[in-house]
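What you see is a predicted model; the values in this text were computed from it and never measured. Throughout, a chain's letter reflects where its sequence line sits, starting with A, and its residues are numbered from 1.
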Amino acid sequence: MLKVDNLHAFYGKSHVLHGVQFDVRPGEIVALLGRNGSGRSTTAKAIMGMVECTGSVEWKGRQVLGSKPYEIAHLGIGYVPENRDIFPKLTVHQNLMLGEKRAGRSGRWSFDEMYAMFPRLKERQHTEAGVLSGGEQQMLTLCRTLMGDPDLIIIDEPTEGLAPKIVELVGEYLRRLKDKGLSVLLIEQKLTIAMAISDRALVMGHGSIVFHGTPDSLRADAYTRKEWLEV
Amino acid sequence: MKTHYEFKPLNIGRWLVWSLFALLLAVAPLVFRSGLAVTVLSQMGIAIIACLSYNMLLGQGGMLSFGHAVYTGLGAFLAIHALNAVSAGSLPIPVATVPLAGGLAGLVFAVLFGYVTTRKAGTTFAMITLGLGELVFAMSLMIPEFFGGEGGVSGNRVVGKGYMGINFGPPVQVYYLIAVYTFLSVAAMFAFTRTPLGRMLNAVRDNPERVEFVGYDAQKVRYLAFIIAGFFAGISGGLGALNFEIVTAEVVGAGRSGAYLLFTFLGGATFFFGPILGAILMVLAFVLFSELTNAWLLYLGLIFLVTVMYAPGGIASLIMMNLRVAAYGRLRELWVSYLALAVTALVVLAGAGAMIEMVYHLQLNSAGGSELRFIGVPLDAKGANSWFGAAFVLLTGLGLFELTRRVFLRHWGEIQEFIEKETKRKEAL
Amino acid sequence: QQAPAKPAAPAKAAAPAGSGPLSGEVVKLVRIDPLTGLLGPVGVSQGKGYQFFAEKFSGAGNPAGVKFEVTLIDNKLSPAESLNALKAALDQGVRYIIQGNGSSVALALVDAVNKHNERNPGKEVLYLNDSAVDPDLTNSKCSFWHFRFDADTSMKMEAMSSFIAEQKDIKNVYILGQNYSHGVQVAKYAKDTLARKRPDIKIVGEDLHPLAQVRDFAPYIAKIKASGADTVITGNWGSDLSLLVKAANEGGYNGKFFTYYAGVTGTPTALGQNGGGRVYQVAYNHYNMGGQMDKWMTEFKQKYNDDFYTGSTIRIFETLGAAMAQAKSTDPVKVAAAMEGLKVKSFNGEVEIRKADHQLQQPLYVSVWQKAGGKYPYSPENTGMTLVPVKEYPNYVSSTPTSCQMKRPG
Amino acid sequence: MTDTATGPFALELRDLRKSFGKTEIIRGANLGVRPGERVAVIGPNGAGKSTLFNLISGRFTPSGGQVLLNGQRIDGKRPFEINRLGLSRSFQITNIFPKLSVFENLRCGVLWSLGYRYTFLKFLADLDDANDRAEELMHMIRLDRKRDTLAVNLTYAEQRALEIGVTIGGGAGVILLDEPTAGMSRSETRRFIELIKEVTVGKTLLTVEHDMGVVFGLADKIAVVVYGEVIAFDTPEKVRANQRVQEAYLGSHVADAQAGGH
Amino acid sequence: MEFFVISMLNGLSYGLLLFMLSSGLTLIFSMMGVLNFAHASFYMLGAYLGYTVSRFTGFWPALLLAPIVVGGLGAVFERLCLRKVHKYGHVPELLITFGLSYVIIELVQLVWGRIALEFHPPAILQGPAFTLINNSAQGLSLQWGAAPAQLCAAADATIRVVCSPFPATRGFMMLVALVMLGSVWLLLTRTRIGLVIQAALTHPEAVEALGHNVPRVFMLVFGAGSALAGLAGVIGGSTFLTEPAMAATVGSVIFVVVVVGGMGSLSGAFLASLLIGVLQTFAVAFDYSLGTLAQQLGVAPGSALLSSSYVKLTLSQVAPILPYLFLVLILIFRPRGLLGTREG
Ligand SMILES: Nc1ncnc2c1ncn2[C@@H]1O[C@H](COP(=O)(O)OP(=O)(O)OP(=O)(O)O)[C@@H](O)[C@H]1O
Ligand SMILES: Nc1ncnc2c1ncn2[C@@H]1O[C@H](COP(=O)(O)OP(=O)(O)OP(=O)(O)O)[C@@H](O)[C@H]1O
Ligand SMILES: [Mg+2]
Ligand SMILES: [Mg+2]
């Protein structure tokens, strides 16, 4: 469904991705692992058309490299950025509203489902999102993206700053998304959860994919874990 | 651990720069000798102090003020009253210290008004200063006792015989007085940026909230800086009073405040010397540029548009960028590009200028015939030839300019990349 | 130097070389006035007048036979800029300065010229004031180096009040003005003169508003109506005048307006049909002076598509020419001395530069804004309207005393 | 609450309350921290940990209750007053002076405590003590090489380190750190914790953390905040055993796995 | 009584005029956070374009066309210039509009000349909308349109009759202001445009990632704001004066409205306009000064003091600068404005 090939990305003059190549199939959770600064977030941004890049990104058989972020979003890729990027002056509910691509039409997901998933958000639905606690903001960004009814969702470190119990919960929900037929590209730091829920794992190092396989094979590959993940 | 070792080599450079500055101030009137030139130089000195004091707020404190002329202006009024008191013999101070009276006035008013304005930053601050500026200006026409009504307050800087032949009658003597004040003020304001308060002011600009968590009261930092800026603004006003020997309501007007803002920005608010360039340009624009062409406001507006879009750090940032390139020894390869850019830009200007001037000519001057001369070229504002010619020049210029610009940008980018790599490499060492 | 009045092209010898005593000498004059901003249009229009008449009065056009060259410098209506302009003019060796718009500029210039002349003997300049009307200029601040060719506020009020005194239907007067010296002075002189000439007229209200700040005059009209005034005296000019009259029309106020500046560039268009028959102006001329003036105005209009109304321009050339012929010199000190008490025949009869204060003594006209046609065909700005003279006041009526203690050089 | 040590508290909360509009977020929190103790504050998301820090540091004014620093009441005081009394904090979201260099950032952090206040009559370059202290800090947080780099241009981890540097610079006795390791990888986190330990020797430390590894590695005591109350305050072992904490916060195996993983 | 009614009407209509002038500014400011200094220039451009278009098509089509053209120009400006500096922050944004205001004013003078134009409202708007007749015998009555002369003339000398016409142009202006209020309100509340922009102010990338074309929305909003200014210009220009100084006279008072109302608050701007309009209009009616006040309080200041300008300054004289006083006071005591929700 998503096919990334020979992707090179640049921030101004600095070359960050060096020929990244992988794919994501329908209904699959793919974990993208790696150390800080290895280029995982950049990969996500490159797919979304937010950084300058060359190579190829095919989505459902169509080349999307060079398209604008909002066009890509309309094609059905959802993106949850890593630094939360909630809209601080808007209320929780308004944040969710902005997730919808067209007002009032939300596809597979409704406000109620979102609130059922994270009751905490319902309690705070009329609060300005800027004052939410760090964890609440994380929940909000996830829901906001889901409201746009994507087929593939790229999540950058969703469990960052979440209490252990919630981390578990997020894992739970990601699996549920998968059951609903969504694909997930999960960028994670916490190996435990990534390994627990993903179908395949990719490891990045210095801007390219250095490992590609199932979680089990990664668990078995001590070299990769030591060299590229330092666990 | 001795920490300021790295200032050593710079210090020599700094001495050099300051000596050059002093020298420049000293010889300028020997080079430019006409009456107009001397007063223009004097006004530059005055404007330099004003713009630097303004930049204490804008560039260093992040306070966008629309009412800085209030402090320069009230300083000027107080100074001229002081001068008159000196003339009348009721105030026994030398004329040369009258600008200090202006400074004190600026300070006092900054203490008064600053208390309410600096409680907030950002747009709120900007709007309060706008409102205060309008109020003071309106008052200036309503209270003739102090502001002298429409005619303003005039004075005579020649008091008595003077001291060693210096009675400030000849404009050149006033110029040197202003030059001394300018040098001292610039030095003092530069020194300010190197003091704890000056540094905390930068911190307040960047992140007022965090400042409070390292023990400082952001409001108070702003307030103190505002007062100091008010003092220098007042000095500048006081010098203006001595130079013109008359102070009218325009000195507190919104136009002045706007000019300080625009030209400080144009010069470059992020570098200390930016406002100095801005001030020089300001005087040139108002005094000389407007004499060259009727369309000066249009050109001024266009210059601002272009500067804000392509050099948001002002002229100073352009200079610094090139200095950086020079420091890495790569400025020399750029000169061809610069030359090409300059030439094509001039072509564009010539084309556009010819058209603008023709329109103005048609509108204001048509009775004198439709012919005019533009940079030596005879044009006929009513002739299709001239118009086609100008349009052709403009379009060709634009095309060539765009071409050279692209080439230049590529080259420039490559150099920047090189510099970045170099710095990374140095860091890694 | 730009624009409107480049020195009249010498090639076009409209004025053949004269035969006066100073034949061939060139007299440079610099006019320091706004060419941009609020009063820009006025300054530009007046600049054209100087261009036009410099040519007419050069050479054989004046008894001295000198050639006049006028350049314009834009002072943006700023006193400080004007002082710069003065410096620029002095650098060019100019000895005659002209200015008119804005008493603030005028006061600054008088002051600067006085100081310059005091500090630079032998390089004196004269300041010829064509329209700044602050009475101070010929009273407390009078100067040997300053000559005024307009009639000052008090003279105009003298004529205006005489006219009002004759109108039996005027009983209640309201005074409205811009809150700066001009507006304040108009109010003061109006009260003084009316009290003297028609003590029965009641001043039912008096108001000052900031200059060029009021967008909506309806509240003032409501107040004027409520006061029961049948006449309004106002010093307002520009948009402050046009908007006032417009608001009066809309607000159903039918009283008369006595004004100073109904005929100035832009105001005729803005007034349009408004205020027909009830807006009065007092000035030293009007649009239908007749004779030579009519011809000049028509020629001017043809040439510049603009209206000429600043008659002082003509007076400046006339008196300069005469004084130079008399002094046989273009040296400002001698010319100034010759100008004192000088009498010339001009478009509105004989005028005299009063020695005591250098104020031109001249007849004044009260005219009223109404449809052009018949005897009064000249329509400014093609509005179809004109100023029709209703009364002329000779020198001795409009003259006001002066408190000037003139200090003469030497 | 069990007090093992005795003596005065370095920081004490007494029935602290805070409401935003109608919702009460902090509902009577009580806590007493002894000088030199390292306390980890944990709790579910939105429990009010950051709010608690904001109340203590003066960013918010409490709606009720008291905060005492070394026995002196500080509730209702402005942040800079509290800071001057010897309490300093870092932020969950990096909060430094972006347009100033690393060195300047650190120097800003030390100026007040060295008594330079608002002076504009001394040159910064001549303030040997301030400069030395800033250099020392820079060395401690291992940013020597980035001395003149503007803070915006630092990497995330470096910015976090700088944040800590600015926080401890003033030499305050009580330090609050809000999720200092957020967004760092495992190895970086480990290094960073060492750093924190190193720079806060002898100080009273409160830190918010979600990473149980960090919590158990760093803290002498753990305070558990749930729904605006401190429901437990004890040694790590006892807290981990606490049934309520298990339910409210740690969940089942993940916590064990994380805690055990180190 | 009749004076009060008329003054109230004047005040309200002036307030609505202020609102009309500033609604576009409010729109742009509240949504994009840009203090558009060129707003008054767009207003002026609207008047001049309206004048030119109306000479070909008559007033009513011009009322529609001119704002569209102005809006288009605004959008182009946003596209070519403002967008480039957006990333540098608010000060450059403000300065670029500052620069634009110079350019527009000069260009307008180049194209249309420097003196006032004869731009009249259409015939239907030229008379009074209604006339208030105050008859000292019969009391206050209202007559639509102009009142016949005999109604305004007193039949006998003891009866005082005052007719106060209310100009149709003013009525029309009030109507337009209300329509503007309504449409901007709809735009802000019934569409997500407002949300998109507010969100994009802090996190443009995130908004785009959610599928919103942010640059286009910015351009549209700026265009709409300019169009509102243009519409105000056509009406203002025909009702008042179409001249080069018209931009300067609108000047800073529209900023006062926006700021006093509260950053980002449409209802606040509306309230502020009305308040300022009424305040200023009634202030004109009062000749009180510090001197008279002192005298009424029974304090007799010395005559020297009495003649000084401070003491003689009456309320009516300072009326036009009251908005600035109001602005300063509001910002000191309530920095977020009357109904504002956020500061700065
Ligand atoms: N805006 C930027 N400009 C320049 N370089 C950048 C920018 N953003 C990231 N980089 C650099 O690109 C590289 C990859 O960054 P990226 O954010 O993709 O890493 P990551 O794997 O997501 O790490 P993290 O755990 O920090 O999120 C890093 O070296 C980083 O310094
Ligand atoms: N200014 C405020 N206005 C309204 N509600 C607020 C405000 N600040 C915080 N809150 C609410 O208070 C609650 C506690 O927030 P806080 O940031 O203290 O949580 P936390 O314990 O730090 O959580 P996390 O671990 O997720 O960061 C949250 O529900 C938040 O929405
Ligand atoms: Mg990342
Ligand atoms: Mg928190």
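Looking only at side-chain heavy atoms (C-beta outward), E:Val91 and B:Phe265 come within less than 4.5 Å of each other. In this structure, the side chains of E:Ile332 and B:Thr117 stay at 4.5 Å or more apart for every pair of heavy atoms. Using a 4.5 Å cut-off on side-chain heavy atoms (C-beta onward), B:Tyr310 and E:Lys84 make contact. Here the side chains of B:Leu130 and E:Phe255 are in contact, with some heavy-atom distance below 4.5 Å. In this structure, B:Thr123 and E:Phe29 have side chains that are in contact, with non-hydrogen atoms separated by less than 4.5 Å. Contact annotation: the side chain of E:Ile96 approaches that of B:Met309 to within less than 4.5 Å [non-hydrogen atoms, C-beta and beyond]. Side-chain contact between B:Met127 and E:Val260 is absent, with no heavy-atom pair separated by less than 4.5 Å.
Proximity to chain B (any heavy atom under 4.5 Å) is restricted, for E:Leu94, to the side chain, taken from C-beta onward. Residue B:Leu297 touches chain E through both its backbone and its side chain, counting heavy-atom pairs closer than 4.5 Å. Contacts between E:Val103 and chain B at a heavy-atom distance below 4.5 Å involve backbone atoms as well as side-chain atoms. Proximity to chain B is limited to the backbone of E:Val111, based on heavy atoms less than 4.5 angstrom apart. With a threshold of 4.5 angstrom between heavy atoms, E:Leu322 does not approach chain B through any atom at all. Using a 4.5 Å cut-off between heavy atoms, E:Ile321 contacts chain B through both its backbone and its side chain. In this structure, no portion of E:Ile104 lies under 4.5 Å from any heavy atom of chain B.
Most heavy-atom pairs under 4.5 Å with chain B, from the set E:Val259, E:Leu95, E:Leu35: that is E:Leu95. Per-residue counts of heavy-atom pairs under 4.5 Å with chain E were compared for B:Val306, B:Thr307, B:Leu262; the largest is that of B:Leu262. Contact count versus chain E (heavy atoms, under 4.5 Å) is highest, among B:Leu298, B:Leu302, B:Val116, for B:Leu298.
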For B:Phe66 and E:Phe37, what are the C-alpha separation, side-chain angles and deciding distance, and is it a ring pair (Phe, Tyr, Trp, His ring centres under 6.0 Å)? CA-CA 12 Å; B:Phe66 285 111; E:Phe37 267 83; 5.3 Å; yes

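Distance check, rounded to the nearest 0.5 Å: CG of B:Leu135 to OH of E:Tyr324 gives 9.0 Å. Between atom CZ of residue E:Phe98 and atom CG of residue B:Leu261 there is a gap of 6.0 Å, rounded to the nearest 0.5 Å. The CG atom of E:Leu331 sits 4.5 Å away from the CD1 atom of B:Ile128 when rounded to the nearest 0.5 Å.
Sparse packing is recorded around CZ of E:Arg79, with 12 or fewer heavy atoms of other residues, nucleotides or ligands lying under 6.0 Å away.
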